[in-house]
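Right, one structure below, let's go through it.
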Amino acid sequence: MLDASTLGKIDIRGRDACEFLNRVYTNSWSNLRPGQCRYGIMLGEDGMVMDDGVTAAIANDHFHMTTTTGGAAAVLAWLEDYAQTEWPQLEVYLISVTEQWAVASICGPASGKLIAALCDDVDTDPEDWPFMSWRETAIEGVPARIFRVSFTGELSYEINVPASYGLWLWEKVMGEGAQYGITPYGTEAMHLLRAEKGFIIVGQDTDGTVTPIDLRMSWIVKKTGDFIGKRSLSRADTRREDRKQLIGLLAEDPETVLMEGAHVIATAAEPAPPVPMLGHVTSSYMSPTLGRGIAMALVQSGGDRIGDTLYVTRPGAEPLPVTVTETDFLSAWEKNDG
Amino acid sequence: MADARRISPLADRARIEAPDGAASLAELPHLGRLILRADGAAAARAVKKALGAEPPTEPNTSSRSKEALMLWLGPDEWMLVTEPGSEEALFDQLKDALSETHCQLVDVSDQLTNIELSGARAREILMKLTTLDLHPRQIGPGDVAGTTFGSVTATLFVTDDVKKHETQRFQLIVRRSVADYMWCLLAEAGREFGLPEQQPRSGETMRP
């Protein structure tokens, strides 16, 4: 169980709420039905990734948007600015509910059983709830919204209760979860788990200069319909074929944990300066599940280099050889070793 | 009917007082709070129909109905404050009356808490923490202001139910996660008047 209460939450309401979402996210929301959730990426006007999160449909005119913790206030101000000054004709209102809800994120193979044990009344087995859907329910009479979403790549549910019940919920879940060997985990463990799955963290794997295409997530950019940042994606510089792209790096020595921020170069030895820099390591961890170090990096034309050998520099020693891979380490491992 | 499982943001902070009525600080726990966003005359009519009183249209003021104190937060935004446990009934009352109006009504009872600062030196304590002019000719009973106190934003309400012989009381409506900081900040500002020192829960020091 992870305390995920800090994530930004915005209540969005109005006849034009769906149209509003279509304009602020790169993907389409028109076919999202009440009860469903969808992951979205927001761009700045410059086409660069600004924030991301899962937004759920409560009703056709009512959405619960989530944002990153650090971006919550900025995103609300951003959306309010657009609603008031760019699209005043849209019938949409926004209210922050970031601190109204305490959120316990449960994940692991037994999480479905635990959710079923906790809820007063679930009409279906939580494991049968479609992935990316949510239910309105109660735990011992306390109203709860439970979202079947996952940032770890495992079976996962996020329980939202009114924040005054936060401590009660934590103790309740720890108690009920003891039979399944439940343990609390924090943000560092969460960062590692998501990296195994290749999920990005805005502000770590992005730095305000990265487009969704750079992240090799073109699938999330809709082909029709305007959205904030769309025009900037067709600039000469954002259309370059040799932009830095997000890929995985596996060091030759599995014990190696590459340094975040380390430079990626093309040669086994560091040449005399100026050293041509291909990119840098954005995220790096020792994965106990995979039994080796894993890293993500933004590398020039990264997508064309899958399988290639590159080198990661380090102070006072020879560059380390690394293999370029896809970022979903977990799926690759499950196919081969798991 | 109180639910013992609910813990208010400052449940671990008992009321504190300075000697001789100079100042006192207390949380008003579990008040019901709703945010209403709506525009125009239709919204005002609907609220009046539901509650018997219109929401305030003059910036930075408040109005009252039997059930709710209504605080102006913006041209199309109000906070409604009600007795603990009454927020659901208030929500339903308003929702029905506003069903034909473009609006948004959200329960934020858990998101915030109200801290009451009172006493002869209360105004002076607040003056230290904000650039807002708190002189009685500028801000008086029933007035509302959203501004910064120390490092956090909060909504200030100058209480409107002060009797002739009483000194002005103030309420600070603050987000849950910064409530303890606000509590300790107010206590620190009131130390020279006799409020006892309060150690922040997070372990930081208020005084360098």
Side-chain angles (χ1 to χ4, degrees), chain A residues 3 5-17 20 58-59 61-65 69 72-73 76-77 79-80 83-84 88-103 138-145 160-173 175, chain B residues 1-12 27 29-40 42-43 73-80 84-85 87-88 91 95 98-113 146 152-154 173-180 201:
Chain A
D3 180 356
S5 303
T6 60
L7 269 75
K9 306 165 202 65
I10 303 174
D11 194 272
I12 303 180
R13 197 75 197 246
R15 188 181 60 184
D16 298 319
F20 186 79
I58 314 259
D61 65 346
H62 190 188
F63 296 85
H64 178 84
M65 173 189 280
T69 294
L76 178 62
L79 297 178
E80 186 68 30
Q84 286 191 28
Q89 74 284 5
L90 290 187
E91 276 192 9
V92 62
Y93 279 123
L94 308 153
I95 293 176
S96 167
V97 288
T98 296
E99 303 198 32
Q100 172 61 20
W101 299 94
V103 182
I139 300 174
E140 285 184 14
V142 174
R145 286 178 178 167
N160 286 229
V161 294
S164 300
Y165 290 100
L167 180 59
W168 169 82
L169 178 69
W170 183 271
E171 290 174 345
K172 179 93 194 132
V173 173
Chain B
M1 160 193 55
D3 185 341
R5 299 170 299 181
R6 288 186 80 195
I7 302 174
S8 70
L10 293 169
D12 59 340
E27 184 192 25
H30 297 307
L31 292 175
R33 272 168 296 258
L34 308 179
I35 303 267
L36 169 66
R37 298 207 66 179
D39 209 356
L73 297 184
D76 58 3
E77 188 171 2
W78 295 271
M79 185 185 301
L80 286 83
E87 59 273 12
E88 249 189 81
F91 187 98
K95 198 180 69 166
L98 288 160
S99 58
E100 302 299 305
T101 315
H102 164 50
C103 73
Q104 183 184 26
L105 190 61
V106 169
D107 187 330
V108 293
S109 304
D110 292 68
Q111 171 147 282
L112 305 152
T113 194
V152 303
T153 54
I173 308 173
V174 67
R175 290 181 318 286
R176 179 172 206 97
S177 66
V178 295
D180 197 64
R201 198 189 290 150

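To find a chain, count down the sequence lines: A is the first, B the second, and so on, and within it residues start at 1.
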Segment of [X] engaging chain B (4.5 angstrom heavy-atom cut-off):
X	value
A:T6	neither
A:I12	backbone
A:L167	side chain
A:E140	both
A:V92	backbone

Worksheet entry | Heavy atoms from other residues, nucleotides or ligands near CD of A:Q84 exceed 12 (cutoff 6.0 Å) |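 Count over threshold, so yes.
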Item to complete: Report yes or no: does A:S5 contribute a side-chain atom to a donor-acceptor pair with the main-chain N or O of A:V103 at less than 3.5 Å?
Response: yes
Practice prompt. Check the pair A:H64, A:W101 against side-chain contact (heavy atoms from CB on, under 4.5 Å), reporting the backbone distance first and the verdict last.
Written response: CA-CA 11 Å; A:H64 178 84; A:W101 299 94; 4.2 Å; yes
Discussion item. Between the side chains of A:D61 and A:R15, is the shortest nitrogen-to-carboxylate-oxygen separation below 4.0 Å, so that they form an ion pair?
Written reply: no
Worksheet item: For the residue pair A:Y93 and B:H102, does the interplanar ring angle fall in the parallel (under 30°), tilted (30 to 60°) or perpendicular (over 60°) class?
Response: parallel
Worksheet item: Taking A:K172, A:H62, A:E80 one by one, which has the highest count of heavy-atom pairs under 4.5 Å against chain B?
Response: A:E80
